[in-house]
Amino acid sequence: SVFIRSVADTIEQLRILCPEAEICIMAVMPVSEEANVSIYKGNVANERIREYNAMLLDLASDVGCWYLDTYNLFSDEQGSLPKDFAPDGIHLYSGKNRILMNFILSHAFAFG
């Protein structure tokens, strides 16, 4: 896909510019059920997000990057972002962003 090729190209450029950098690919997070219905006809936004995340996971493996599964961190039983996590069903409230930051800090790299 054009999206995955673009991410791969960006990683290649980052490795040229910052050869010592650790690179982490983060999954696309789910959207709420309401946003899932409004983004694409047929209620398929989260389905497409999961497809892209599978491609991102494969890319991370292929190019030797970390991969953070933030989709499952924020998905409910139906695979959607809980409606109380974002005012518009897409962009997290600041308190929920703290969950994301703590997840990144505890799962991506050993800092310090």
TODO: Answer whether the closest heavy-atom distance between the side chains of Ile25 and Leu68 falls below 4.5 Å.
DONE: no
Task: Residue pair Ser80 / Ser32, side-chain heavy-atom distance below 4.5 Å - done: no
Solution key, residues 13-20 side-chain donor-acceptor pairs under 3.5 Å, sequence neighbours excluded:
residue: Arg15; atom: NH1; partner: Val63; partner atom: O; Å: 2.7
residue: Arg15; atom: NH2; partner: Val63; partner atom: O; Å: 2.9
residue: Arg15; atom: NH2; partner: Gly64; partner atom: O; Å: 3.4

Task: Which residues share a ring-ring contact (aromatic ring centres under 6.0 Å, His included) with Phe3, sequence neighbours left out - done: Tyr52
Task: Atom pair CD1 (Ile49) and CG (Leu81), whose distance is rounded to the nearest 0.5 Å - done: 9.5 Å
Open item on the list: Can a donor-acceptor pair be found, under 3.5 Å and without considering hydrogens, that links the side chain of Ser6 to the backbone of Val2?
Closed with: no
- [ ] Could you go through the side chain to side chain contact (heavy atoms under 4.5 Å, CB included) check for Leu59 and Ile11 one step at a time?
- [x] CA-CA 10 Å; Leu59 177 64; Ile11 290 169; 4.2 Å; yes
TODO: Work out which heavy atom in His107 is nearest to a heavy atom in Trp66; give both atom names and the distance.
DONE: O-CZ3, 3.8 Å
Task: Evaluation steps, side chain to side chain contact (heavy atoms under 4.5 Å, CB included), between Tyr67 and Leu56 - done: CA-CA 8 Å; Tyr67 177 81; Leu56 288 170; 3.9 Å; yes
Task: Donor-acceptor under 3.5 Å (Tyr71 side chain, Met26 main chain) - done: no
Open item on the list: Closer than 3.5 angstrom, by distance alone: can the side chain of Asn53 be matched with the main-chain N or O of Val28 as a donor-acceptor pair?
Closed with: yes
Side-chain donor-acceptor contacts of residues 84-98 below 3.5 Å, not counting sequence neighbours, with atom names and distances?
residue: Asp88; atom: OD1; partner: Ile90; partner atom: N; Å: 2.9
residue: Asp88; atom: OD1; partner: His91; partner atom: N; Å: 2.8
residue: Asp88; atom: OD2; partner: His91; partner atom: ND1; Å: 2.6

Open item on the list: salt bridge (Lys or Arg N to Asp or Glu O under 4.0 Å), that's the test. Do Glu34 and Lys83 meet it? Break it down for me.
Closed with: CA-CA 8 Å; Glu34 294 76 17; Lys83 67 169 54 175; 3.5 Å; yes
Task: Side chain proximity check, Thr70 to Phe103, heavy atoms < 4.5 angstrom - done: yes
Task: Euclidean distance, Ile23 CD1 relative to Glu12 CD, rounded to 0.5 Å - done: 10.5 Å
- [ ] Could you tell me the separation between the CG atom of Leu100 and the CG atom of Leu105, rounded to the nearest 0.5 Å?
- [x] 9.5 Å
TODO: Determine yes or no for a side-chain-to-main-chain donor-acceptor pair under 3.5 angstrom, with Asn46 supplying the side chain and Val31 the backbone.
DONE: yes
